[in-house]
2 protein chains.
Amino acid sequence: MKYITIKDIAKKLNTSVSTVSRAFNDKSDINVKTKELVLKTAKEMGYRQNRMAKNLVQKRSFNIGIVVPEFVNSFFPEVIMGAQEILFEKGYQVLITQSNECYTTELKNVQSLENSMVDGLLISLSSETDNIDYYQDLVKSGFPIIFFNRTYKEINASKVLFNDYKWAMFATEHLIRQGYKNIYHFQGIKTLTLSRERRRGFMDAHRKHKLIVEPHQVITSGFFMEDGENIAKKLIENNTIPDAIFAANDQLAIGAMNIFKKNGYKVPKDVAFIGFSESKMGSIVEPPLSSVKQPTFEIGKKAAQLLLDHIESGKNYIPQTIVLDGQLNIRASSQKI
Amino acid sequence: MKYITIKDIAKKLNTSVSTVSRAFNDKSDINVKTKELVLKTAKEMGYRQNRMAKNLVQKRSFNIGIVVPEFVNSFFPEVIMGAQEILFEKGYQVLITQSNECYTTELKNVQSLENSMVDGLLISLSSETDNIDYYQDLVKSGFPIIFFNRTYKEINASKVLFNDYKWAMFATEHLIRQGYKNIYHFQGIKTLTLSRERRRGFMDAHRKHKLIVEPHQVITSGFFMEDGENIAKKLIENNTIPDAIFAANDQLAIGAMNIFKKNGYKVPKDVAFIGFSESKMGSIVEPPLSSVKQPTFEIGKKAAQLLLDHIESGKNYIPQTIVLDGQLNIRASSQKI
DNA sequence: CTAAATTTCGAGAACGTTCTCGAAAAAAAT
DNA sequence: ATTTTTTTCGAGAACGTTCTCGAAATTTAG
């Protein structure tokens, strides 16, 4: 493949590369007519700018790296779409990688992206990540990096978060107000800040209403549908059937709901359900699943915006934390009849 | 941000940049001891290779571009994951873009990726794309590009396809064998090759069983759940209720199913359903949706492999078409009781 | 009509690598 | 000890851009 370069154009027009370069970069010190001529012949010759070279001299790639734990739920794709929307219009390309919830792959991704000279990073940590030294160094070095959803308090960088505590509390209170007494919480992966926050919301809602939560009411697992199924099976086996379940995500709730239904339990009469991070599936399932809706697009957009801010302001950027709010969508799965 | 370069290392070690470069590139003409020394001090100094520069001289980026129409269904994410698996282990980075089913964005994506000097392209065309001149030129120029799922016969490049005809036929026959007579087909976007193939399967299944299909039994729409809902509403309005519906994807089927259920129709007793491109939702819905399962990961893997072949063999690459097979998963939504 | 100001341009360095070529150093062969 | 071979290295071009600096051309002012 023979690329046409700026030199070829210069030669053809009997001018210098500087002039041609000027034409493309909207520089003021060039005659409008020559500029147009350059642009025209460039088009005719099928010229395409070589980003590598440009980036090399400008020391920026106009690439943004995104690292997410997974792709299978619609949550992260939606966040990514939000970010892309902002970044794309500013001329940035987005490199997306996934860590598969694995710390080593996550680190490999980050480093690989750094090698590609990304101008900044948007990252949501894997559930396995408990060592944040690398990120601390990165942040300290001034590299533009924004964390979203899954992060650590200790990291002194900009963050876009969801108010997990508040909405977990609302969700739980909703169940309590419906009159449910024996409410279980499926907290997913225990160690994540977001899980802890949701659990805290769950606990405080009980406290507020002077209800006591027994340890066995909070159950740890993974975040997938199968995890929900397994928990439900075990509960049925032990014949410890909750009134209601507040799950840390829709997948867990749906998995469990299916098992309960299969075993003859009625939803919400026997067991009520409320999920989190509203997914499309939630509205399809029978009965439709109540859930807390997170502003996925908004998260992506805000994170992207912060990143652009950081890139533009350089060293003297002051990190901020944005906490977004959601919405409690009550559906049939949690309404006492 | 001050990057440490190969020059810095050379200076510190009192050697030449050539030697340092050799150390990193596993060249034979370097002493093992100096190599180790270079590698060690490079690590100490926190050296990170500049991809831009490397790519510039080597004229390849080790980046692969992927263009997909959308992100919201799990189909494309899964394909991407398959591709990533193959590409990642060969040291390639993946740049993902989405066209939002819009031709102009698609083209912009492709060009932007070309500017980033991607070594190759994996693409599934938007539903809007009817002008393939650009791709024809690209293919003719020898640029490595592999089409998957959505493509045009006319393009002379490697393709990874699904045997839509065959499995549409199987799906339809399954319904016919169950005794359904008045079967409708929701074909989605009419113009896509894959839609045409699926419709052809639908028609031929009827022909084979000596059944006649009236034009009104084949309905065109978009590919989203809302489209399915709208069709169902219209059918109910006109009181033309099919025995069974074969939808070109799960979303259409689920959308329609929900509306029928809401209007008091029983599934599968009053209306039976079968979808296509099995989605997670299909197994959650009540009753579980029969569907044709596509080997999503496999599609991504195969496409990536073809692309690597193409990149490696260069000009004398001979395009191939791989047609993959799927699986018919029969569930309650299509079983006559 | 000349001087000053402004516009427009070209030469050439720089970005951080890889790669070719030939030279120096070391090892092996005579 | 000398020649030949092999190993190891350094100099410098190249990749395709942008950018700085100063010079040429043009316009404006006096």
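As the structure is a computational prediction, the values presented were derived from the model and not from experiment. The sequence lines fix the lettering, A, B, ..., with proteins before strands; numbering per chain opens at 1.
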Whole Å only: how far is the [atom1] atom of [X] from the [atom2] atom of [N]?
| X | N | atom1 | atom2 | answer |
| --- | --- | --- | --- | --- |
| A:Arg22 | D:dT18 | CZ | P | 11 Å |
| B:Lys11 | D:dA11 | NZ | P | 13 Å |
| A:Glu36 | C:dT8 | CD | C1' | 15 Å |
| A:Leu37 | C:dC9 | CG | P | 10 Å |
| A:Lys7 | C:dG12 | NZ | C1' | 12 Å |
| B:Asn31 | C:dA24 | CG | C1' | 14 Å |
| A:Lys54 | C:dT17 | NZ | C1' | 20 Å |
| B:Ile30 | C:dT18 | CD1 | C1' | 14 Å |

Options [options], nucleotide nearest the side-chain atoms of [X]:
| X | options | answer |
| --- | --- | --- |
| A:Ala53 | C:dT17, D:dG16, D:dG10 | D:dG16 |
| A:Lys59 | D:dT17, C:dT17, C:dC15 | C:dC15 |
| B:Thr19 | D:dC9, D:dC19, D:dT17 | D:dC9 |
| B:Thr15 | D:dG10, C:dG16, C:dT17 | D:dG10 |
| B:Ser18 | D:dA11, C:dT18, C:dT8 | D:dA11 |
| A:Ile6 | C:dG16, C:dG10, D:dT18 | D:dT18 |
| A:Thr34 | C:dC9, D:dG16, C:dT18 | C:dC9 |

Contact under 4.0 Å: [X] side-chain N or O vs [N] OP1/OP2:
| X | N | result |
| --- | --- | --- |
| B:Asn50 | C:dT17 | no |
| B:Thr5 | C:dG16 | no |
| A:Ser21 | D:dT17 | no |
| B:Gln58 | D:dA14 | no |
| B:Lys27 | C:dC19 | yes |
| A:Asn25 | D:dT18 | yes |

Exercise. D:dG16 base to A:Arg51 side chain: any donor-acceptor pair below 3.5 Å?
Worked result: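 Donor-acceptor pair under 3.5 Å: no.
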Exercise. If you draw a 6.0 Å radius around NZ in A:Lys35, do more than 12 non-hydrogen atoms from other residues or ligands fall strictly inside?
Worked result: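 Yes.
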Considering every strand and a 4.0 Å limit on heavy-atom distances, what is the contact class for [X]: base, sugar-phosphate, or nothing?
| X | value |
| --- | --- |
| A:Leu56 | base |
| B:Asp29 | base |
| B:Arg60 | nothing |
| A:Tyr47 | sugar-phosphate |

For this session: I would like to know whether B:Glu106 and B:Tyr135 meet side chain to side chain donor-acceptor pair (under 3.5 Å); could you show each step before the answer?
Result: CA-CA 11 Å; B:Glu106 180 178 293; B:Tyr135 300 111; 2.5 Å; yes
For this session: Answer whether the closest heavy-atom distance between the side chains of B:Leu37 and B:Leu13 falls below 4.5 Å.
Result: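 Yes, close enough: below the 4.5 Å cut-off.
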For this session: Calculate, to the nearest 0.5 Å, the distance between atoms NZ and CD1 belonging to A:Lys302 and A:Ile146 respectively.
Result: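 One finds 13.0 Å between NZ of A:Lys302 and CD1 of A:Ile146.
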Problem set entry | Option from A:Asn149, A:Val110, A:Leu113 for which side chain to side chain contact (heavy atoms under 4.5 Å, CB included) with A:Ile123 holds |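 Looking at A:Asn149, A:Val110, A:Leu113, the match for A:Ile123 under the side chain to side chain contact (heavy atoms under 4.5 Å, CB included) is A:Val110.
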For this session: Specify the residue among A:Val17 and A:Ser28 whose closest nucleotide of DNA chain C lies further upstream toward the 5′ end.
Result: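 With A:Val17 and A:Ser28 compared, the 5'-side residue is A:Ser28.
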Exercise. Among side-chain atoms of B:Ser158 and B:Tyr317, is any donor-acceptor pair under 3.5 angstrom?
Worked result: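 Checked: B:Ser158/B:Tyr317 side chains pair up, N/O donor to acceptor below 3.5 Å.
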Problem set entry | B:Arg150 NZ/CZ over B:Phe147 ring centroid, <6.0 Å and within 45° of normal |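 Not satisfied by the 6.0 Å and 45° rule.
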